[in-house]
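Letters A, B, ... mirror the listed sequences (proteins, then strands); counts begin at 1.
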Amino acid sequence: MPYSPEQIEPKWQDFWKRHETFRAEVDHAKPKYYVLDMFPYPSGAGLHVGHPLGYTATDIVARYKRMRGFNVLHPMGWDSFGLPAERYAIRTGIHPAVTTKQNTDTFRAQIQRLGFSYDWSREIATTEPDFVRWTQWIFLQLVEKGLAYQAEVAVNWCPAQSTVLANEEVKDGKYIETGDPVEKRLMKQWMLKITAYADRLLEDLEDLDWPEGIKAMQRNWIGRSHGAEIVFPIDGDQGEMRVFSTRPDTLFGATYAVLAPEHPLVAKITTDAQRQAVADYVEKTAKLSSFERAELSRTKTGAFTGAFAVNPVNGAKVPVWVADYVTMDYGTGAVMAVPAHDERDHEFARLFDLPIIEVVRPGSGHDIAAEAWTGDGTLVNSGFLDGLPVAEAKTKIIGWLEEQGAGHARTTYRLRDWLFSRQRYWGEPVPIVHLEDGSWRTVPDQDLPLLPPELEEYGPSPDGEPPLARATDWVNTVDPETGQPARRDLNTMPQWAGSCWYYLRFIDPKNDELFVDPEKERYWMPVDLYVGGAEHAVLHLLYARFWHKVLYDLGHVSTNEPFHKLFNQGMILAHSYRDPNGRYYEPETVEEREGAFWGGGHKLDRQIEKMSKSRFNVVNPDDMVKEFGADSVRLYEMFMGPLEATKLWDTQSVAGVRRFLNRVWRLVHDDADAVDTARLTDAAPDPALAGQMARTIAAVTTDIEEMRFNTSIARLMEVVNTLTPMEARPRGVVTDFVRVLAPFAPHMAEELWQALGHTESIAYAPWPEPDAEALAAGGEELKEYPVQLNGKIRAKVMAAPNLSGDALLDAVKADPKVSELLSDVTVVREIPVKDKLVNFVIAK
RNA sequence: GCCCGCGUGGUGGAAUGGUAGACACAGGGGACUUAAAAUCCCUAGGCCGAGAGGCCGUGCCGGUUCGAGUCCGGCCGCGGGCACCA
């Protein structure tokens, strides 16, 4: 048979399954390597070609590490709680567990067709009772540690989804998943004290081998800023307002103060004369959506309370305003306004004609009336701070405030506590019962898992309560301690809960006693390589680090961080076609004529977009496997470009790697598709081939280590281009080639490995070492040296490799073309570079 | 506005400061074939030139260097993240 992946791929997939080739067990005799993919949510749409991008990369690393003697843990599972299955259930009445099971089966089959070397005996799903049990158990650990609490908080309420959302799930006043509008509402919710870990989450980023961009995003999200809290007494013994400022050095320049409209002090200090105006203003801002309020281009608005605050540093009475450019949920909800040195205060001051006092003077002229100066400078108009640079003034004023009892140094974070409850059905129920006196108790460990009750309908209850309220038998329970009547908590956990610890369960997926056996945990953790999309930069990756640190503090895990090295694969985009009315067309129906695209009688616009059903540009990996084979799909996804880059899918190019694999097949098989004994020789390779092979092994090795798979494959293609025309192919070279090919195209490699006479799987065959001698010799007797004049190439000279200094200069100068070039110029300097080139610097 | 990242042929991309365009896709030419597919060989940055060869060329401007796609400064453009965060 010619190369036919449709036959050899199922054969080897079956072989691996029957022999449990990729089963991993603790083995202290071997170094371990834990390589993990971000497990998918099994959506109804099935896999698209973006999924296998990361999975192929980790599979190559996993297979490579096995060949290098590592004990590799490479598992796969399902993040199977999620909104789509629940929405579908609300529409159809079909239980989400049913849909989830179907989708999971589809995903598993699709993934298995690509021949990844997962240890399927470790497959887990976050929806399985056995998994839910431990997710709830960990939540109760947080409760016990005082890291979970209930609070009446202003939450992001999404009316369309009838649920609250975490801050991280809301952007521009909309739910990031569906685009539904989100409003603020006061509700009692479960919160997790992630802020208690803010410093560690920030500082421990230092030691992680993560992309700098992701680290920056997490730092940004945590948003630590150092400053001071300063007390401004309200004039007339009305109490005090506390403000937070990162620029306490500019205290002398404070000319007014601002309270957020929701600030409790507003009602208290507003004078009778101003009461109506302030009430109107507060009401007006309350009506704005969070989106409108955040609109930056809006001109500032505000109202004067009539009250004055006393600047502690100079006794100046400054007017107190209410303005919605100050928000209640950051710092103290109150600011001292220094229009000279803050752009927002400057804009507000000019609008309402408030004074601007310069207290920091930059080196050169700056018109403080026209624009705020936020940079460094020397303090002026600031009493005992005069003459100091900003940094010193900050230290000095904070010291002074602390002495006077008028304030203190304070660090503030942008990070808020994690809103952890959702009003949904398809999630882990919060294992808490509420007693009639308003107190609550945790569900005892032995009663876990607490599974969602069976329901007829999955939407919110008629009186607006979460869906779980419909199950009255389930809701009404008793206090496990006293037997008093109690009601179950109606909330479920967000989808992030399961993914916060699933990597730990993979280590010991069947343990009935513990969420993970400590000995196994110590062996396998941390995850050595974690690959997934950058969209999880601050959500999953921050939450998981938080839970992990809590588990670490409780002594349940041995590492401070879960994921040592993180790599983000890029997105795969595809062309989509749209007519002037905005209608999309399936690519197969589009005709290309004279450089334009036509469909349905319209001239179409072609654009590059994210794959989505509605744009008709989804590429299904099943179709690709059917047409080209799994090895070709794997190879193409890696060959497209750097793993981290955003790339455009081009089905036509898959044919290119398929042709490459056809040629690989032909290296070992003759025209009759028997093993080509005539051409496979036992002779030693000539130095050129030996050199090329040695360089290839060395290059592919470092390329895999550095996750540059596209260039590895180019190297493999070069080897095939060399071997194909050869009448005699040294068996040793072909064997080494098959071994370095194995992580990339494992089915092909197994088949050829067998054809070459091996009986064992190639999965654990040792990775070849580049032949040091061949590597050093380079395989070349003569080397081409470019000869430059003032850096411009003027000639090329053949000479021996490894020449340096004068030997190289002599060799080059002996060339007639070079001597002619040098005959009528003055050489000022000669620069020979070993094995590279020679540059002559000549005088003009 | 702030923080990341990126600009290289028709296309995807390659290049420890040392021959820019490896490897591939699409294209052009040829061989095989009754024909096509498949396969194989040749060609291929632009301009000038019959050719030898020459000139130009990695978003733009400048700098460092014997030598810059690569390092530095400034601009322009694209993508991502954050954003009245005090």
In whole Å, I'd like the distance from the [atom1] atom of [X] to the [atom2] atom of [N].
X      : N      : atom1 : atom2 : value
A:E212 : B:rC6  : CD    : P     : 12 Å
A:N710 : B:rG12 : CG    : P     : 14 Å
A:I608 : B:rU11 : CD1   : C1'   : 10 Å
A:L837 : B:rA68 : CG    : P     : 12 Å
A:L351 : B:rC84 : CG    : P     : 19 Å
A:L542 : B:rC82 : CG    : C1'   : 14 Å
A:E644 : B:rC6  : CD    : C1'   : 11 Å
A:F628 : B:rA24 : CZ    : C1'   : 14 Å

**Complete:** Walking RNA chain B from its 5' end, the first of A:M217 and A:E784 to be reached, judged by nearest nucleotide, is A:E784
**Asked** A:V335 or A:I831: which one's nearest nucleotide on RNA chain B is closer to the 5' end?
**Response** A:I831
In whole angstrom, give me the gap between the [atom1] atoms of [N] and [M].
N      : M      : atom1 : value
B:rG69 : B:rU58 : P     : 7 Å
B:rG54 : B:rC75 : P     : 39 Å
B:rU65 : B:rA44 : C1'   : 34 Å
B:rA86 : B:rG5  : P     : 22 Å
B:rA26 : B:rU39 : P     : 10 Å
B:rC2  : B:rG12 : P     : 31 Å
B:rA52 : B:rG77 : C1'   : 42 Å
B:rA31 : B:rA38 : C1'   : 14 Å

Quick one: is [N] close enough that its OP1 or OP2 comes under 4.0 Å of any side-chain N or O from [X]?
X      : N      : answer
A:T327 : B:rC85 : no
A:R794 : B:rG67 : no
A:K792 : B:rC56 : yes
A:R829 : B:rC66 : yes
A:N721 : B:rC23 : no
A:R663 : B:rU39 : no

Nearest-0.5 Å distance, [atom1] of residue [X] to [atom2] of residue [Y]:
X      : Y      : atom1 : atom2 : value
A:L667 : A:L723 : CG    : CG    : 5.5 Å
A:E343 : A:E371 : CD    : CD    : 7.0 Å
A:E203 : A:I222 : CD    : CD1   : 9.5 Å
A:R414 : A:W221 : CZ    : CH2   : 4.5 Å

**Prompt:** Quick one: is the NZ or CZ of A:R410 closer than 6.0 Å to the six-membered ring centre of A:F244, and within 45° of its axis?
**Reply:** yes
**Request:** State, yes or no, whether a side-chain contact exists between A:F737 and A:L716 at a heavy-atom distance under 4.5 Å.
**Result:** yes
Which nucleotide sits closest to the side chain of [X]: [options]?
X      : options                : answer
A:N662 : B:rU39, B:rG18, B:rC85 : B:rU39
A:N220 : B:rG18, B:rC82, B:rC84 : B:rC82
A:D650 : B:rC25, B:rG81, B:rC66 : B:rC25
A:M717 : B:rC23, B:rA86, B:rC66 : B:rC23
A:P642 : B:rC84, B:rG13, B:rC85 : B:rG13
A:P786 : B:rG12, B:rG13, B:rU19 : B:rU19
A:T711 : B:rA86, B:rA14, B:rC84 : B:rA14
A:W221 : B:rG13, B:rG12, B:rC82 : B:rC82
A:I793 : B:rC85, B:rA14, B:rA20 : B:rA20
A:E718 : B:rC3, B:rA86, B:rC23  : B:rC23

**Message:** Would you say NZ of A:K610 has more than 12 non-hydrogen atoms from neighbouring residues, nucleotides or ligands within 6.0 angstrom?
**Reply:** no
**Message:** So for atom CZ, which belongs to A:R658, do other residues, nucleotides or ligands contribute more than 12 heavy atoms lying within a distance under 6.0 Å?
**Reply:** yes
**Prompt:** If only atom types and distance count, is the side chain of A:R729 paired as donor or acceptor with the main-chain N or O of A:T724 below 3.5 Å?
**Reply:** yes
**Message:** Treating A:K215 as the side-chain partner and A:L205 as the backbone partner, does any N or O pair qualify as donor plus acceptor under 3.5 Å?
**Reply:** yes
**Prompt:** Contact class for A:T412 (heavy atom, under 4.0 Å): base, sugar-phosphate, or nothing?
**Reply:** nothing
**Asked** Within the structure shown, what part of the strands sits under 4.0 Å from A:V833 by heavy-atom distance: base, sugar-phosphate, or nothing?
**Response** base
**Asked** Going by number, which of residues 651-660 of chain A have a non-hydrogen atom under 4.0 Å from RNA chain B?
**Response** A:Q652, A:S653, A:G656, A:R659
**Prompt:** With a 4.0 Å cut-off, would you call A:R679 and A:D670 a salt bridge?
**Reply:** no
**Message:** Regarding A:K817 and A:D815, does a basic nitrogen lie under 4.0 Å from an acidic carboxylate oxygen?
**Reply:** no
**Prompt:** Taking syn as any angle within 90 degrees of 0 and anti as the rest, which one fits B:rG9?
**Reply:** syn
**Prompt:** Within the modelled atom types, does a donor on one side and an acceptor on the other bring the side chain of A:K215 and the base of B:rC4 under 3.5 Å apart?
**Reply:** no
**Item:** Bracket string, RNA chain B, 5' to 3' - pairs by Watson-Crick or G-U geometry under 3.5 Å, | interstrand
**Value:** (((((((..(((.....[....))).(((((.......))))).((((....))))..(((((..]....))))))))))))....
**Request:** Can you tell me which residue pairs pass the salt bridge (Lys or Arg N to Asp or Glu O under 4.0 Å) test with a partner in residues 326-338 of chain A, sequence neighbours excluded?
**Result:** A:D329-A:R416
